[in-house]
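Since the structure comes first, as structure tokens, the remarks are kept for the end.
One is the number of the first residue; the rest follow in order along the sequence. Just so it is clear, the structure is predicted and the values come from calculations on it, not from any experiment.
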Amino acid sequence: MGAKKSVIEIRGARVNNLKNIDVDIPRGALVVITGLSGSGKSSLAFDTLFAEANRRYVESLSSYARNFLDGFDKPDVDAIRNLSPAISIDQKSVSRSPRSTVGTMTEVYDYLRILYAKLGVPHCPLCGKVLSRKSVREILDEILAIPESIPLMFLAESTQLVGRTEKEALGMINAWGYVRVRFHGEIIALAEALERASAVESSAIGIVIDRLILDLGRPDKERIIDDIQTAFRVGQGTFVLRLNGMGEEHVYNAEYRCETCDIHLPEFTPSHFSFNNPEGACERCAGLGVTLEFDPSLVVPNKNLSLSEGAIRPWSKMNSDRHARSGPMQFLRDCAKRERFSLDTPLAKLSTKHFDTILYGEKNKNQHCFPGVIALLEQKYRETKSDHLRVEIETYMQVKLCPLCLGQRLKQSSLAVKIDGRSINDLVRQSTENFLALLKPLRETLLRTGEKGMIDPLFREMQTRLAAVEKVGLGYLELARGADTLSGGEAQRIRLSVQMKSGLSGIIYVLDEPSVGLHSRDTERLIHALEDLRTANNSLVIVEHDVAIMKHADYIIDMGPGAGTEGGEVIFAGTPEKLLRSKLLTGEYLSGKRKVSLKEKKRKVGSDAITITGASEHNLKQIDVKIPLGVLVAVSGVSGSGKSSLVHGILSRALSKHFYHAKAVPGAHKKMEGLSNIDKVITVTQDPIGRTPRSNAATYTGVFSLIRDLFAATAEAGREKYSASHFSFNMRGGRCETCQGGGLKKIEMYLLPDVYVPCEVCRGTRYNQKTLAIEYRGENIASVLRMTVTEARSFFLDQPMIEEKLRVLEEVGLGYLVLGQSATNLSGGEAQRIKLATELARKSTGKTLYILDEPTIGLHFEDVRRLLEVLEALVDKGNTVLVVEHNLDVITSADWVLELGPEGGERGGELIYAGPPEKLKNCKRSFTAQYL
């Protein structure tokens with residue numbers, strides 16, 4: 001190492017809530033930054049260390065490039081020394097586009113496309129027979145193998161002559177300058193053919209391109225190649241080589257042809273296998289594998305209404321007048337007269353034929369016939385310019401599997417290209433570990449036919465990438481899995497796997513809780529992956545709460561002592577061993593002196609339950625599951641064992657459909673019983689609470705409207721006649737009009753992600769000067785939005801409704817959150833806890849089922865303890881709480897555990913344990929048992 005100091009020195013960091021701290025982070029080590037939620041971990045790792053490394057990199061670019069990369073301000077820190085380039089891998093910045101798949105994110109799919117384009121064997125998409133073609137070079141070699149002194153003749157039939165009379169056709173051949181033709185089966189001079197020609201439509205006339213006799217001593221290769229190319233051009237890709245002496249004929253094709261089905265396919269390139277390229281994407285779904293189709297049950301939800309009573313829901317909402325003399329209703333009225341049905345009969349009483357006519361249109365297609373309700377809606381959907389109307393129409397549509405490609409995303413011709421009998425789709429439908437096992441036999445099959453020089457590099461690249469994906473514990477993921485269906489933790493670990501194979505050295509990797517969503521068994525694999533990066537001489541700085549990762553760290557920095565303004569200091573920095581011996585909160589939890597859950601007695605499981613029979617969604621193996629009610633139930637199992645399929649795919653969707661008529665279709669199962677034992681379901685997932693910077697914790701929980709009412713009630717606002725809506729940054733009047741209340745201006749970048757910069761007029765406060773002049777107890781509306789939850793709670797202590805909503809946010813561990821922090825910057829765990837707090841602030845009925853997806857993500861032991869108290873309080877009121885969870889503390893404090901497994905993917909999907917957690921230890925097949 002020599003000159004390069006072995007620590008990164010951070011001096012005087014004051015970003016967000018950091019209190020002017022000095023920290024030394026060892027280089028080439030695995031460093032964990034831990035602490036309570038909101039204690040300043042991310043501020044140190046991402047907003048100070050990574051931001052400064054990134055800024056220095058941007059400074060090194062040319063000034064022209066820097067123009068496009070605005071907003072990399074220097075973090076508020078006095079100095080950072082010995083910094084090397086940094087790469088941040090977090091959970092937010094992964095593209096969530098449905099056009100990305102695990103295959104494209106890991107680049108394995110790109111290699112597969114090259115493999116199929118170069119070595120795939122095209123088949124006819126209709127009859128399935130193997131198609132072949134020859135290149136000019138191969139045809140030349142075949143011709144040179146013909147014995148000497150045999151006369152050769154090149155014949156081609158032009159498609160331009162089709163449908164013309166014999167006289168016209170021969171006239172055209174004459175104009176092209178050819179002198180011999182095959183006419184009615186014999187070869188004759190063109191002049192003779194013209195004499196015999198009649199005015200009837202010509203049958204196939206062959207044009208003689210050239211005649212020659214081979215001299216193998218000095219073959220005229222130039223002439224033969226020229227003949228082949230000309231014959232292909234005249235014959236549109238097909239010509240006949242006739243050996244005069246033997247009367248033999250050989251047909252050659254320039255492209256793949258199936259004569260029986262009359263199909264010709266082009267030469268395949270890698271873009272023919274890309275579903276993001278028009279050459280390869282299925283025409284119907286444009287490569288997404290799914291289409292938006294109108295669902296008749298949403299268009300006509302109530303069949304007891306008649307057409308005149310507004311049975312067609314979208315029309316009754318969009319068109320005001322049902323008795324108008326023009327428009328769709330008039331169409332329908334005319335149709336009803338012709339087809340003889342009444343607009344006043346309830347739809348349930350109409351015949352199936354009439355009902356189909358209303359939805360899909362009349363059978364006799366003249367220009368006055370009725371095209372059908374669905375066709376008219378489709379037309380409106382295509383033609384409308386209004387986003388609002390488009391969203392409105394989409395509520396009557398369902399996402400369905402594309403009927404043409406059946407979810408395979410590619411054109412039929414591309415799917416008909418096979419290697420070893422498998423199409424490219426058959427390979428990407430495999431899980432990563434199965435695909436890895438397939439690579440070796442596949443490579444051996446290909447080596448028998450193709451050249452080693454091309455096959456080896458492709459397989460080597462795929463091998464390293466897939467091995468890296470398996471190493472970070474994602475062996476159960478299919479390569480075809482869409483990026484929009486991955487959890488934050490999965491997406492982050494895919495990016496980690498891509499970094500692992502990049503082979504860089506001397507880099508600082510900043511990671512945000514890579515263990516999210518991992519079972520303890522998979523965490524061990526992840527630790528090995530991280531240690532590999534460290535061995536390659538990189539530094540890892542990880543924000544993490546997982547016990548196993550903390551114990552494997554070389555160095556731990558504990559932030560605290562509290563959250564928000566009470567945090568921001570380094571309360572410990574040293575080895576894990578030293579932390580275990582310390583009196584600190586984190587140390588006592590690590591050493592086991594303190595326990596997260598001190599629940600003495602488990603609740604008795606009663607007879608009320610929800611039973612799911614024959615669950616077979618994704619990898620579930622026809623399982624029957626009984627979920628007891630009125631207790632805390634944990635669903636555990638290794639990653640990919642089928643927990644989400646069961647809880648979200650089947651249970652949550654079926655309940656939403658049952659209680660709220662939601663349109664999502666529940667996953668495959670036979671039946672579900674016991675729904676009468678609950679009266680509502682609340683599912684809290686990690687989806688972001690808002691897609692725009694305009695939504696934040698205050699607007700989502702509803703506390704902001706209460707705060708606006710307070711401001712509107714001040715004497716000053718009364719004098720100005722300002723209502724509560726004047727204090728909304730989404731309404732005209734009070735907001736700053738330059739940024740329209742966004743506080744930021746979006747600068748659209750060509751080919752780069754959009755950049756947001758603070759608005760220069762309101763300086764990011766979102767409001768105009770007049771609104772900011774109105775104060776409540778000396779604070780204006782913008783400074784209230786800048787308070788943390790804890791600060792705001794003490795500020796509004798005498799306002800019980802506001803105080804209660806803020807108290808719940810504090811209970812779920814979000815006391816540090818700034819009220820106006822935009823929803824796009826929240827982590828998945830934070831968004832989930834904001835939703836949870838919103839639900840908790842509502843009055844519970846005592847028969848509610850709460851479904852939570854890993855609520856402990858991003859929580860320190862102390863915060864997990866608080867969260868468990870909140871959940872236990874819910875159950876004490878008679879509600880049921882169902883958590884999908886890997887956190888062993890939560891599993892041990894549950895009243896009932898359902899474990900799925902034993903492995904992930906294909907080898908999972910069975911229910912291997914159901915019962916109280918203390919007996920789980922004896923379950924031999926359970927991986928969780930080994931860690932309890």
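A donor and an acceptor atom, one from each side chain of Thr291 and Glu293, are located under 3.5 Å apart. Side-chain atoms of Glu394 and Tyr381 include a donor-acceptor pair closer than 3.5 Å. No hydrogens or angles considered: nothing links the side chains of His184 and Glu186 as a donor-acceptor pair under 3.5 Å.
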* Stepwise salt bridge (Lys or Arg N to Asp or Glu O under 4.0 Å) test for Lys501 and Glu461 -> CA-CA 9 Å; Lys501 71 122 244 337; Glu461 290 292 343; 5.8 Å; no

* **Evaluation steps, salt bridge (Lys or Arg N to Asp or Glu O under 4.0 Å), between Lys418 and Asp426** => CA-CA 9 Å; Lys418 308 247 165 105; Asp426 296 337; 5.9 Å; no

* Please lay out, stage by stage, how Ile424 and Gln408 fare under the test side-chain contact (heavy atoms from CB on, under 4.5 Å). => CA-CA 10 Å; Ile424 193 164; Gln408 302 179 15; over 6 Å; no

* Given the rule in the side-chain contact (heavy atoms from CB on, under 4.5 Å) test, do Phe273 and Ser414 qualify, once you have shown the distances and angles that lead to the verdict? -> CA-CA 6 Å; Phe273 298 97; Ser414 304; 4.1 Å; yes

* Asked: Hey, mind stepping through Arg338 and Glu362 against side-chain contact (heavy atoms from CB on, under 4.5 Å) and telling me if it holds?
  -> CA-CA 10 Å; Arg338 286 194 295 275; Glu362 293 175 75; 2.7 Å; yes

* To do: Let me see the working for Glu166 and Leu194 under side-chain contact (heavy atoms from CB on, under 4.5 Å), right down to the final yes or no.
  => CA-CA 8 Å; Glu166 292 181 348; Leu194 275 164; over 6 Å; no

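For Tyr109, the ring pair (Phe, Tyr, Trp, His ring centres under 6.0 Å) partners two or more places apart in sequence, or in a different chain, are Phe275. Shown here are the side-chain contact (heavy atoms from CB on, under 4.5 Å) partners of Arg242, two or more places apart in sequence or in another chain: Met153, Leu155, Arg182, Ile187, Asn244, Glu249. Applying the side-chain contact (heavy atoms from CB on, under 4.5 Å) test to Pro457 and every residue at least two apart in sequence or in another chain returns Arg460.
You'll find the side chain of Met397 stays beyond 4.5 Å of the side chain of Leu298, heavy atoms only. Side chains of Arg390 and Ile393 form no contact here, defined as non-hydrogen atoms less than 4.5 Å apart. Contact of the Val251 side chain with the Leu241 side chain is not registered, since no non-hydrogen atoms from C-beta on lie closer than 4.5 Å. Inter-residue side-chain proximity for Ile207 and Glu157 is flagged as unmet; no heavy-atom pair is nearer than 4.5 Å. Residues Ile312 and Val299 meet the side-chain proximity criterion, which asks for heavy atoms closer than 4.5 Å. Using a 4.5 Å cut-off on side-chain heavy atoms (C-beta onward), Leu359 and Val300 make contact. Under the 4.5 Å side-chain criterion, counting only non-hydrogen atoms from C-beta, Val290 is not in contact with Cys402. Within the 4.5 Å cutoff, no side-chain heavy atoms of Val108 are placed close to those of Thr432.
Atom OG of Ser135 is separated from atom CG of Asp141 by 8.0 Å, given to the nearest 0.5 angstrom. To the nearest 0.5 Å, atom CE of residue Met462 and atom CG of residue Leu458 are 6.0 Å apart. How far CD1 of Ile455 is from CG of Leu446: 5.0 Å, rounded to the nearest 0.5 Å.
Using a cut-off of 4.0 Å between Lys/Arg side-chain N and Asp/Glu carboxylate O, Arg196 and Glu192 are scored as salt-bridged. Looking at Lys353 and Glu339, a side-chain N of the basic residue comes within less than 4.0 Å of a carboxylate O on the acidic one, giving a salt bridge. Using a cutoff of 4.0 Å between basic side-chain nitrogens and carboxylate oxygens, Glu279 and Lys411 are not scored as salt-bridged. Under the 4.0 Å criterion applied to side-chain N and carboxylate O atoms, Arg465 and Glu107 are assigned as salt-bridge partners.
Between the side chain of Ser502 and the main chain of Gln499, a donor-acceptor pair closer than 3.5 Å is present. Judged by distance alone, with hydrogens and angles left aside, the side-chain atoms of Ser271 form no donor-acceptor pair with the main-chain N or O of Ser274 at under 3.5 Å. Of the possible polar contacts, one joining the Asp295 side chain to the Ser297 backbone as a donor-acceptor pair under 3.5 Å is found. In terms of modelled atom types and a separation under 3.5 Å, the side chain of His648 and the main chain of Ser645 share no donor-acceptor contact. At distances below 3.5 Å, at least one donor-acceptor pair connects side-chain atoms of Thr445 with backbone N or O atoms of Pro441. Not a single donor-acceptor pair under 3.5 Å links the side chain of Arg284 to the backbone N or O of Leu404. At distances below 3.5 Å, not a single donor-acceptor pair connects side-chain atoms of His354 with backbone N or O atoms of Thr352. With Lys167 contributing its side chain and Ala197 its backbone, the two residues share a donor-acceptor pair below 3.5 Å. A distance-only check finds no donor-acceptor pair linking the side chain of Gln430 to the backbone of Leu427 [under 3.5 Å]. Side chain of Lys452 to main chain of Leu447: no donor-acceptor pair is present (N/O by atom type, distance under 3.5 Å, no hydrogens or angles).
Atom NZ of Lys221 is surrounded by 12 or fewer heavy atoms from other residues, nucleotides or ligands within 6.0 Å. Within 6.0 Å of CZ on Arg164 lie no more than 12 heavy atoms contributed by other residues, nucleotides or ligands. The local environment of NZ in Lys440 is sparse, with at most 12 non-hydrogen atoms from other residues, nucleotides or ligands closer than 6.0 Å. The number of heavy atoms from other shown groups lying within 6.0 Å of CD (Glu906) does not exceed 12. In Phe459, the CZ atom is crowded: over 12 heavy atoms of neighbouring residues, nucleotides or ligands sit closer than 6.0 Å. Enclosure of atom CD in Glu267 is not indicated, since only 12 or fewer non-hydrogen atoms of other residues, nucleotides or ligands lie within 6.0 angstrom.
Among residue pairs with one or both ends in residues 207-218, those qualifying as side-chain hydrogen bond (donor to acceptor under 3.5 Å, both in side chains) are Asp210-Arg223; sequence neighbours excluded. Residues in residues 227-238 take part in these side-chain hydrogen bond (donor to acceptor under 3.5 Å, both in side chains) pairs, two or more places apart or across chains: Thr159-Gln236, Thr238-Asn253, Thr238-Arg257. Among residue pairs with one or both ends in residues 112-122, those qualifying as side-chain hydrogen bond (donor to acceptor under 3.5 Å, both in side chains) are Asp110-Arg113; sequence neighbours excluded.
When all heavy atoms are compared, the tightest approach of Trp176 to Ser158 is CH2-OG, 3.8 Å. Nearest heavy atom pair, residue Cys124 against residue Ala416, reads C-CB, 4.4 Å. Residue Glu255 comes nearest to Leu265 through the heavy atom pair CB-O, 3.3 Å, listed as atom of the first residue, atom of the second, then distance. Across all their heavy atoms, Leu620 and Ala615 have their closest contact at CB-O, 3.5 Å. Between Gly905 and Asn619, the shortest heavy-atom distance links the atoms O-ND2, 2.8 Å. Contact between Leu410 and His272 at its shortest, heavy atoms only, is CD2-O, 4.4 Å.
Close placement of the Tyr252 and Phe239 rings is indicated, their centers lying within 6.0 Å of each other.
Partner of Ile173 under the side chain to side chain contact (heavy atoms under 4.5 Å, CB included) criterion, chosen from Val208, Val181, Val179: Val181.
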